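Atoms considered below: every heavy atom in the structure, side chains included; atoms not considered: hydrogens, waters and symmetry mates. Keep in mind it's a predicted model, so treat the numbers as computed, not measured.
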Amino acid sequence: MPDPSERPARLTVGVVGAGRVGPALAASLQLAGHRPVAVSGVSDASVRRAGEMLPDVPIVTPAEVLQRADLVLLTVPDDALPGLVEGLVETGAVRPGQLLVHTSGRYGVEVLAPALRAGGLPLALHPAMTFTGTAVDVQRLAGCSFGVTAPEELRLAAEALVIEMGGEPEWIEESARPLYHAALALGANHLVTLVAESMDLLRQAGVSAPDRMLGPLLGAALDNALRSGDAALTGPVARGDAGTVAAHVSELRKHAPQTVAGYLAMARATADRALAHGLLKPELAEDLLGVLANGADGEGR
């Protein structure tokens, strides 16, 4: 591969919001031959991150980013995005023909409607990936799925940008964006919480290296779930072992009461799916569901 600096740049790229996502996407676009020219960041952490991942790219105001760039990455928190777009339009920062790309999972392109009216070209490109704010994120974009939403006439351009970053475009209708984002949060964000709570409990049980214990188990469980879905369910709930589940609830109530509600909720969801897919025998489900109901009431068995 030729050095990126020796390839003709096709678009100048700017980043508004140097959080964990924006610099990584800009660095990835740079590898594809585009040229980052400006980035905005407020906190010390964002300025440092931009300097590490986009060296020699100047830190400027959001308005100046739009002045310098053909393609602008709006990588700010979801709740800040509508106000940012409205503010940029009101100050005349948006130029006709300028590509405006946001990375929010929640929103499609409707949130960019003010910019569209000002002549901007709106794209929603959400990478389905967790970011660290380091150079490893650029590598992780290889094969990463992106939730893509764009006006029909810009669909090919949006998908091409994703492919240039090494990603896989997945078309998401505007109306489906909130559901799409909820699905990803349910799977990824809650997974971190579950794993962290599991490690805490293992430490209480005397396990010195809970990460080493959980790693192979969780890796196999995730692989099985992705391959087989509900057929991969195992454990006391899927088997209908009501006594074991009752013991779990009792121990959790004594040692980690803050985890009881989450355990019961996930156990009920697991029982429902196991029943629906014929894994949990109906004659065993009654006792199990009784344990879960009593556990919610704070009663033992």
Heavy atoms of Ala26 and Leu73 approach each other most closely as N-CD1, 3.8 Å
Can you check whether Thr134's main-chain N or O pairs, donor with acceptor, with Glu52's side chain at less than 3.5 Å? no
Note, Leu280 side chain near Leu233 side chain (heavy atom, < 4.5 Å): no
Results of ring pair (Phe, Tyr, Trp, His ring centres under 6.0 Å) for Phe131 - residues two or more places apart only: none
Mind checking whether Val138 and Ser28 have side chains closer than 4.5 Å, heavy atoms only? yes
Using every non-hydrogen atom in the two residues, find where Tyr263 and His248 come nearest and quote the distance to one decimal. OH-ND1, 2.6 Å
If you draw a 6.0 Å radius around CZ in Arg239, do more than 12 non-hydrogen atoms from other residues or ligands fall strictly inside? yes
Distance-only, no hydrogens or angles: does the Thr149 side chain make a donor-acceptor pair with backbone N or O of Ile172 under 3.5 Å? yes
If we only count heavy atoms from C-beta on, is the His34 to Leu71 side-chain gap below 4.5 Å? no
Set out, in order, the CA-CA distance, both residues' side-chain angles and the distance that settles side chain to side chain contact (heavy atoms under 4.5 Å, CB included) for Leu292 and Val237, then state yes or no. CA-CA 10 Å; Leu292 296 177; Val237 173; 5.7 Å; no
Would you mind reporting whether Pro127 and Thr103 have side-chain heavy atoms less than 4.5 Å apart? yes
Please name the pair of heavy atoms, one in Gly19 and one in Arg49, separated by the smallest distance, quoted to 0.1 Å. O-CD, 2.9 Å
Could you tell me whether the side chain of His102 and the main chain of Gly108 form a donor-acceptor pair under 3.5 Å? yes
Salt-bridge test for Asp79 and Arg106: reply yes if a basic N is under 4.0 Å from a carboxylate O, no otherwise. yes
Whether over 12 other heavy atoms sit under 6.0 Å from Ile163 CD1: yes
When rounded to the nearest 0.5 Å, the distance separating CD of Glu251 from CD of Gln204 is 10.5 Å
Under 4.0 Å between a side-chain nitrogen and a carboxylate oxygen: does that hold for Asp70 and Arg10? no
Ignoring hydrogens, what is the shortest heavy-atom contact between Pro282 and Leu275? Give both atom names and the distance. CA-CD2, 4.1 Å
Decide side chain to side chain contact (heavy atoms under 4.5 Å, CB included) for Leu217 and Met213; before the verdict, give the C-alpha distance in whole Å, the side-chain angles of both, and the deciding distance to 0.1 Å. CA-CA 7 Å; Leu217 173 64; Met213 177 174 281; over 6 Å; no
Which is it for Leu252 and Leu201 under the side chain to side chain contact (heavy atoms under 4.5 Å, CB included) test, yes or no, and what are the steps along the way? CA-CA 9 Å; Leu252 291 176; Leu201 293 169; 3.7 Å; yes
Separation of Asp287 CG from Asp241 CG (nearest 0.5 Å): 11.0 Å
When you look at CZ of Arg20, are more than 12 heavy atoms from neighbouring residues, nucleotides or ligands closer to it than 6.0 Å? no
Shortest non-hydrogen separation from Trp171 to Ala150 and the atoms involved: CH2-O, 3.0 Å
For the side chain of Thr91 and the backbone of Leu88, is there at least one donor-acceptor N/O pair under 3.5 Å apart? yes
Is there a donor-acceptor pair under 3.5 Å between the side chain of Arg68 and the backbone N or O of Thr12? no
Least distance between heavy atoms, Leu121 atom then Gly97 atom: CD1-O, 3.6 Å
Keeping the roles fixed (side chain from Ser40, backbone from Val60), state whether a donor-acceptor pair exists under 3.5 Å. no
Are the side chains of Leu161 and Leu29 in contact, using a 4.5 Å heavy-atom criterion? yes
Test log, rule salt bridge (charged side-chain N to carboxylate O under 4.0 Å, His left out), inputs Asp44 and Arg48: CA-CA 6 Å; Asp44 291 342; Arg48 183 174 60 253; over 6 Å; no
Any heavy-atom pair between the side chains of Ser104 and Val111 that's under 4.5 Å? no
Who are the side-chain hydrogen bond (donor to acceptor under 3.5 Å, both in side chains) partners of Ser145, not counting sequence neighbours? none
Kindly say whether Thr132 contributes a backbone atom to a donor-acceptor pair with the side chain of Asp137 at under 3.5 angstrom? yes
Report yes or no: does Thr270 contribute a side-chain atom to a donor-acceptor pair with the main-chain N or O of Met266 at less than 3.5 Å? yes
Before you tell me yes or no, could you show the steps for Val109 and Leu154 under side chain to side chain contact (heavy atoms under 4.5 Å, CB included), namely the whole-Å CA-CA distance, both residues' side-chain angles and the distance that decides it to 0.1 Å? CA-CA 11 Å; Val109 292; Leu154 295 176; over 6 Å; no
Heavy-atom distance under 4.5 Å between the side chains of Phe146 and Leu25, does that happen here? yes
